[in-house]
Amino acid sequence: MAEATERLRRYLDDELGECRSEDVVARLDELGTLEAAIGTAQVDAELDVLSALSNETRYTLVRVLVAAREELCVCELNAVVDVSESGLSHGLSKLVEAGLVDGRKDGRWKKYRATNRAVALVTVLEGSVSDE
């Protein structure tokens with residue numbers, strides 16, 4: 001921490017032209033407030049979502065469900081991804097836990113749809129990738 005504080009002191013000295021100990025303490029307080037505002041629970045929840053998307057199969061499932069804009073049966077999803085039924089079931093469960101898909105029984109069929117969270121994330125990701 002001492003090294004980080006010293007580096008911050010050098011940065012503030014460059015930015016302000018002169019850095020006093022009070023400047024470092026004030027900036028550390030501001031940064032601590034920013035970190036606290038995020039909250040550990042929020043960070044954990046966001047990491048769960050990102051973790052759920054970090055697998056190619058699960059990411060493909062989310063992308064397909066977002067693109068479909070409707071519910072799809074497990075049998076339809078199984079035709080899209082080349083995994084075992086248990087692998088598909090595990091992937092979908094992880095996506096449900098992360099709040100990215102919702103599932104429901106429809107007679108003997110299980111159907112899934114993308115949540116608003118999934119649509120928003122895919123939209124942001126699509127906008128962040130350049131065609132260049």
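Residue Val49 comes nearest to Ala98 through the heavy atom pair CG2-O, 3.4 Å, listed as atom of the first residue, atom of the second, then distance. The heavy-atom pair separating Val66 from Ala114 by the smallest distance is CG2-CB, 3.7 Å. The shortest non-hydrogen separation linking Val101 to Tyr112 is CG2-CD2, 4.1 Å.
One finds the CG atom of Leu12 at 11.0 Å from the OG atom of Ser21 (value rounded to the nearest 0.5 Å). Note: Leu121 CG to Tyr59 OH = 9.0 Å, rounded to the nearest 0.5 Å. With rounding to the nearest 0.5 angstrom, the CG atom of Leu65 is 8.0 Å from the CG atom of Leu95.
Every residue was checked against the side chain to side chain donor-acceptor pair (under 3.5 Å) condition with Asn55, not counting sequence neighbours, and none meets it. For Val25, the side-chain contact (heavy atoms from CB on, under 4.5 Å) partners two or more places apart in sequence, or in a different chain, are Asp29. Looking at residues two or more places apart in sequence or on another chain, you find no salt bridge (charged side-chain N to carboxylate O under 4.0 Å, His left out) involving Asp48. Residues meeting the side chain to side chain donor-acceptor pair (under 3.5 Å) test with Asp106, sequence neighbours left out: Lys111. Applying the side-chain contact (heavy atoms from CB on, under 4.5 Å) rule to Glu97 yields no partners; only residues at least two apart in sequence or on another chain are considered. For Arg113, the salt bridge (charged side-chain N to carboxylate O under 4.0 Å, His left out) criterion is met by Asp102, not counting sequence neighbours. Contacts of Glu30 classified as salt bridge (charged side-chain N to carboxylate O under 4.0 Å, His left out), with partners at least two apart in sequence or in another chain: Arg27.
Cluster annotation: Val43 is not connected to Leu50 through the hydrophobic network of ILVMFWY side chains, with a link wherever side-chain heavy atoms come within less than 4.5 Å. When hydrophobic clusters are built by joining Ile, Leu, Val, Met, Phe, Trp and Tyr residues whose side-chain heavy atoms come closer than 4.5 Å, directly or via intermediates, Leu88 is not grouped with Trp109.
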Side chains of residues 77-87: which donor-acceptor pairs under 3.5 Å do they make with residues two or more places apart or in other chains?
residue	atom	partner	partner atom	Å
Ser84	OG	Ser86	OG	3.4
Ser84	OG	Gly87	N	3.0

Audit row: Lys94, Ser51, side-chain contact (heavy atoms from CB on, under 4.5 Å) steps and yes/no | CA-CA 9 Å; Lys94 192 134 173 109; Ser51 175; 4.3 Å; yes
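For residues 51-78, every residue pair satisfying the salt bridge (Lys or Arg N to Asp or Glu O under 4.0 Å) rule, not counting sequence neighbours, is listed here: Arg63-Glu126, Glu71-Arg104.
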